[in-house]
Each structure stands twice: as C-alpha cells, then as structure tokens.
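One structure is given below, encoded as structure tokens.
Predicted model only: the values in this text are computed from it and were never measured. Side chains included, hydrogens not; waters and symmetry mates left out as well; all remaining heavy atoms used.
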Amino acid sequence: MCSIALKNVSFIYMNYNKPAIHNISLTITENEFVLVLGRSGSGKSTLGYIICGLIPRLIPGHLEGEILIDGRSINSYSKEELVKKVNMLLQDPDVQLTYLTVEDEIKFPMENIGLSKEIAEGRLISLLSLFGLTKVREKYVFNLSYGQKQRVSLASILAIDPKVIILDEPLSHQDLPSRRRIVEFLKKIKGNRTIIVMEHRPYELLKLCDRLVILEDGKLIFNGKPNAVKDDRLRDFLFSDLRSLKLRSSKNAQRPVLIVRDLAFTYDGKNYVFSNVNFSLNEGEMSFIIGPNGAGKSTLAMVISGLLSPSKGDVVITGGRKVCYVPQNPDLVFLHDTLYQEVLSSAVKATSSKADSLTREILKAFNLWDLRDRDPHLLSRGERVRAAIATMVALKPRVLIIDEPFSGQDKLNIRAILNCLNYLRARHNITLLIITHEVEIAKLLGDKLYELNNGRLKVIA
Amino acid sequence: MYEMMQYIPGRTFLHGLSPISKLIYALMLGIAIALSYDMTKIAILFVGNLLVLIIICSKDYNMLKPYIRLMLYFSLLIIVFQSLFYWKVFLGRTSYVVLISPEALKRIPIIGDIILFLTYRKGIVFSREGLVYGLLVSLKFSTMLLINLLVLFTTKPGDIAKSLISIGLPGSIIQLAIISLKFIPLFIEEFTITYKLAKMRGSDIKISNLLKSTYMLLKASTLSLIRRAKLMAIALEMKGFSLRSRRREKVSLSKNDICLLILSLIAFMFMVL
C-alpha cells in the first residue's frame, strides 16, 4: 500500500525568484490513477520530483511544506526505501536508458537495490516477456526503435516494483500506435499500484483516470473527478479550435516548387529506410508527413534538404533557391552567443544589404524580439523551436522542412509556432513540409497529408 | 557503427569463463605481443585467435567483415608508410623500387627538408626493411585486435563492469565510464548534423578559422549533451545508482578459468623468451 499527502508544498528552484510549485495541498490514495494536466512550465515535472524525493536531495532549491508517504515524512525514508516506494519515468527514453544492453538496463536497478541473482533473473524474464523484449535481450539499447526504448525504460522502472509510478509525459513524443500501447499497458496495471501521469494532452487518459489534477503557474486550479471538470478548464489542452488558424492556400499554390522522384535511401547499401518516394509540393503549401516512430521521416527530411545524399532518385527545386531543414533538436541549429547574431548571420547570407531589417522583421513576427540579446541555448523549449525556425527562415529558403516542431509542446506553444508558420506562408510564400506525430493538427491544417510507413510514402489526404 | 563490438550470445568454452580470466588473458598476450619482435610467434597467435573467433562467429560471418576491413586498411597503411619512410635510413636499406631519384627529389621544392632527410641519398624508395617492419607492426595490431574481440564478443558489457568492480576498481567510476560510452555515438551524430546545418547556412567553417569554427560547432552539441546529462543524473538516482557502491561481488574462478590463466602464462613465456 502507498498513499501520498502534500500539505502546503511550495518550491523555488535555486537562482529563481518565482516558485515552480506554489502552496499545493493534495492527497493521493492507494492504487489511485491520477492524471496531472498542465501547460509547459506549469510545474508538473517539479511536482513529480517532489513526490519522488529528488527535490531537494538531488535538485537544489527552497522547499516548504510537508510531504507524507504512507503517513511518514518523506525525509524519514532512506534512499533505498524511497526508490522502492516511488519511482518516476522521464519523458525521453534516450535519457532514461543508462546502460548498454537491454538485459543490463533492466537488471541495473535490481542490482542497485541488492536483489538476489535468482529473484532478479526471474523478474527480468517476466518483464522481457510482458513488454515483448525477449528477442532483443542482448541488443544494445541505442540500436532499438523509439517504441522499444520506451518499453525498456518502463521495464527497468518496474523491475524495482515500486508502489507508486510517476510517468512524465509518456505520450508526448509518441506516434499513435505507441500511445495506444502505453494506454493499454496503463489499463493493465491500473488498480495494482498508484499511478500518476503528468501530461498536457488528456484525450486518451481522461476516461482512464480516477482523478484529474490541473496545474497552472505552479498552482493547483482543479482537483477532482474527471467528469466534474468544466469544459473551459480543458480548452487549453484540446486542439479542435486550432482550425481557426488555417490560412487559405497561396494564390500560386498550383506552381510546383519541390519535386521528388523515385527517392530511396540506405545507410548500409542493403536495407532501404525508404524507397520509391514520389511527391511534389506547390508554392506556399503547408504539407505534413506523419508515420510511426522510426519510420524514417527525419531521414527523408534530411535527404530532401541535402544533408544526406540519396541512394537513388532525385530532388528537384524549381526557381533556384534552396531547401532548409530545422531538426527535431533545435539546439543543433545555434552557433552564436545571442539570438540576434544567430538570425543575422543567416540573414546576411540571404540579403547582405537589408540583413538588419530582415532580422528585426523575423524576430518580431516570431515574438522573439524581446529575447534578442539572450543566448538561444538558454531559452525555453518552445522559444528554442521558434528561434531555430527563425534562423532558417532568415536564409529565405524556397522550401522549409521542420522536424517535429510540436513534439513535447503544449497548446499555447503549438499555437505560437503555427502563427509563425502562417506568417511564413503569408509574407514570404515559403513552402512548408512538417514532420509530426500530431495527426490531429496535420489533419486540421495541412494542405496535403502524407504517411511514411514500412519505407513507402503514401498520400492520406 | 553501433553494431561494433556487440556481444554474441553463445555457449562456447569462452562464454562460460569469468570476465576476469579473459581480461587477464588479453592483458598478458597484449604485453607479450608488444614486447615480441618474432613474426612467426605472433603469426601463430594470430592464426590461433582467428580460428577461435571464426568458431564464435559461425552463426553469421558477416559480423567479422568490418573488423577484417579495418585490419586490412590499417595494415595496408602501415606497410606502405613503413616501406616508404622507414626511419633506419642511415643504417642502409635495400631498395625494391626507387620511386623518385635523389636528383629528381632536389627539383621538387614542395616536398621539403624532412622528406629529403628521410630519403637521404637514395631518393624515395620502397624498401625491403620497411616492408618487413610494416608487416610486423600490422601483424601485432591485428593480433591484439583479435584478442580483444574475443573478450568483447564473449562477455556482456555489464559483466565486464561487475568484474572490474569485484577486483576493487571504484564502482561509480566504472559505471560512469560505461554510461559515457552511450554518449559517444550520440555526440558524433549531433556534431555531424550541427556541422551540416552550419554548412547549409553558409557559415564560415574554414581551416583558417579552425579554432572559432570548432568552438561554435562543439558548443551546440556539447550543450545539448549537458542538458541530457542532467536528466540522466535524475534517471540514475531513480534506479538507485547511489546505493550501488556498497555492494561488491566475490571473484570466483572455475577450473576452466585456471586452465586459461595457465595457457596465458605459457603463451606469454613462449612469446617473450
């Protein structure tokens, strides 16, 4: 059994003035399934770290209030007791996986807490079987698909058999089948242990949870049954009203600007990531490519943008100007010490005489002007994505490919990014190709929708 | 690249041995090979280890391809380099082929003094002594690679770590070393993307501007890794990493391990004496 009680808990991170969590009182009973909703920066992960005891033990700051686990203060637990009671799965499995092989990864926490070899081996076999990982037992974790990595992460947390598991945005980087698999798994373990899920996309989990908690700016604004929540409270988390952002197609939309013919790519000369890819994009269009994790969407984007050479086929750009690419990790775009220098260095290449005015225009349009003197690496995730797009836009590309701009973003950030994309179409007539898992957004806003699956690209809509 | 040094599951004699005895085997033979200049003895070790490796990889010989390719490239490079620029030039070399005569060399200003010094009197030659020395060095390199592959192919990385901890090496450092291995492919991948994106933006990545360019490129990929490392520290804590140091398994050696250790000792004596 395990119950959790937070009494008037507040927390301020070291070197920050504003509390990340402000006067929260919350009780979670044994075996309850709690969904914690909140926008990026609302304090969801911080709340998780507090319940796990990572704050203030590992993450420094000022903590106030009382945290009780099974009626005992969290401070009275030893590290070992706490790890066995409460454990947390981080959102990015690449970070969560700390060892080299699948077997070692799952055994690692069991060895750390001192389980006997026999028990550890038995638990390993049952977890490998539960998560369909038996065949990849000896494989290196960095060779696995994204979905497999996440399953290994979950298995390694469950290897400790904690009474409470906290899942930090388990659905946010996932494709549809992976989301379904995770939801199915949560259904399976619901009732056996306490589950706390932090998310900003509630659709799949609202029906499953016993209780809904909504955080806003570190404060608790709703705590109750999911059917008791008013619709306007959920509006910030549902995407249906994004349709209002859809722009009419450009007047030149019939003129093809990018033509892809029989494109194929292989890393090893034998196994093709994709082949026979044929499509074209018209000027000013906004098209989306969806597909499961590991389908090769990013590889396709890098081949089209010239970062990788195609194994077969060709990519034709009409009109001379180039294709630019914004990677999933925006940090990889930034080379300079301030955001202004970053965008200016691109603008200079596009138009040396009007580089200053172009930089100013783009930064204002992307709502980044006030951050122009900041180091782009130190901005928030939503701001970094917009800054990376702005940096590439300053090159005045004919086609811009953006890889997973909505991944891990809340609705407010998604709206801000979509506003920027609409500006690009309206003002610069840039053709956009967006790679995403967000099928709902793609269906709402895309002029064309493609799916890459099993190495083939097909038109969905 | 990620498949390199992958553990191969199996039930061979080597799979059943303690990682400690295999590490001692690799270490002793490594020292013996470094000390020995007898090409026949090294060739015997090479063939012996190659045969064992072939048995271990019998399910899929393709696994050996990248290593054989690496051995061939490296050996070719060493042999050609040593044959052309063997340093014992003043002790006399036997010329197989005179590529460029001393007279012709004097008329090629671009080669410079160092090459002229190395190729004193005889021009640029392909020498017998250099060829033999190149063969010896490449054979040493290839044999050492094979021995290490035998250990890596038959031992799980986790077991190597546990064994090192069991003989008294600091557990936290061994674990962190293994964790840091995970970052290498990630760092290379992210550095490559950053470099290509910088080229796409027309950034001034030039040899003449090497220091600044390297700083700019490294900053992006390093900061990205630091961000990940912070989260990885949280993940490690959740897995009870800090509880680990107090646990240490005992070293236990079987009869087979003792046999391997005796074999290593005999091989060592055979090579050195």
For this session: Can you measure from CE (B:Met238) to CD (A:Gln96) and round to the nearest 0.5 angstrom?
Result: 9.5 Å
For this session: Please assess B:Arg201 against A:Thr391 for the test side chain to side chain contact (heavy atoms under 4.5 Å, CB included), listing each intermediate value before the final yes or no.
Result: CA-CA 9 Å; B:Arg201 288 171 62 189; A:Thr391 304; 3.3 Å; yes
Exercise. For atom OH of B:Tyr73, is the number of surrounding heavy atoms from other residues, nucleotides or ligands below 6.0 Å larger than 12?
Worked result: no
Problem set entry | Portion of A:Tyr49 that has a non-hydrogen atom of chain B nearer than 4.5 angstrom | side chain
Exercise. Taking all non-hydrogen atoms of both residues, which atom of A:Leu97 and which atom of B:Met232 are closest, and how far apart?
Worked result: O-CE, 3.5 Å
Seminar exercise, completed: B:Lys239 and A:Ile160 have their tightest heavy-atom pair at CA-CD1, 4.2 Å
Exercise. Can you say whether A:Asp104 sits under 4.5 Å from chain B via the side chain, the backbone, both, or neither, judging by heavy atoms?
Worked result: side chain
Exercise. A:Asp375 versus chain B, heavy atoms under 4.5 Å apart: side chain, backbone, both or neither?
Worked result: side chain
Problem set entry | Side chain / backbone / both / neither for A:Asn87 at chain B, heavy atoms under 4.5 Å | both
Exercise. When only pairs under 4.5 Å are counted, which of A:Met110, A:Lys84, A:Lys79 shares the most heavy-atom pairs with chain B?
Worked result: A:Lys79
Exercise. Do the non-hydrogen side-chain atoms of A:Met302 and B:Lys196 ever get within less than 4.5 Å of each other?
Worked result: no
Problem set entry | Portion of A:Leu58 that has a non-hydrogen atom of chain B nearer than 4.5 angstrom | side chain
Problem set entry | Closest-packed option against chain B by number of heavy-atom pairs under 4.5 Å, given A:Leu82, A:Leu54, A:Ile157 | A:Leu54
Problem set entry | Proximity breakdown for A:Tyr325 and chain B, heavy-atom pairs closer than 4.5 Å | both
Exercise. Once you round to the nearest 0.5 Å, how far does CG of A:Leu335 lie from OH of B:Tyr215?
Worked result: 10.5 Å
Exercise. For the candidates B:Thr192, B:Ile193, B:Leu236, B:Ile234, which exhibits the highest count of non-hydrogen atom pairs separated by less than 4.5 Å from chain A?
Worked result: B:Ile234
Exercise. What part of A:Ile59 lies closer than 4.5 angstrom to a heavy atom of chain B: side chain, backbone, both or neither?
Worked result: side chain
For this session: Using non-hydrogen atoms and a 4.5 Å limit, figure out which bit of A:Ser305 sits close to chain B: side chain, backbone, both or neither.
Result: both
Problem set entry | Pair B:Lys219-A:Asp337, side chain to side chain contact (heavy atoms under 4.5 Å, CB included): steps then yes or no | CA-CA 10 Å; B:Lys219 186 185 166 192; A:Asp337 293 334; 2.8 Å; yes
Exercise. Side chains of B:Thr194 and A:Val333: does their closest heavy-atom pair fall under 4.5 Å?
Worked result: no
For this session: Could you tell me which of A:Leu90, A:Leu307, A:Val83, A:Leu89 has the largest number of non-hydrogen atom pairs under 4.5 Å with chain B?
Result: A:Leu307
Problem set entry | Min side-chain heavy-atom separation A:Met392-B:Leu197 under 4.5 Å | yes
Seminar exercise, completed: A:Asn112 and B:Gly240 have their tightest heavy-atom pair at CB-O, 3.2 Å
Seminar exercise, completed: Distance col, row B:Met200:CE vs A:Cys324:SG, nearest 0.5 angstrom, shows 5.5 Å
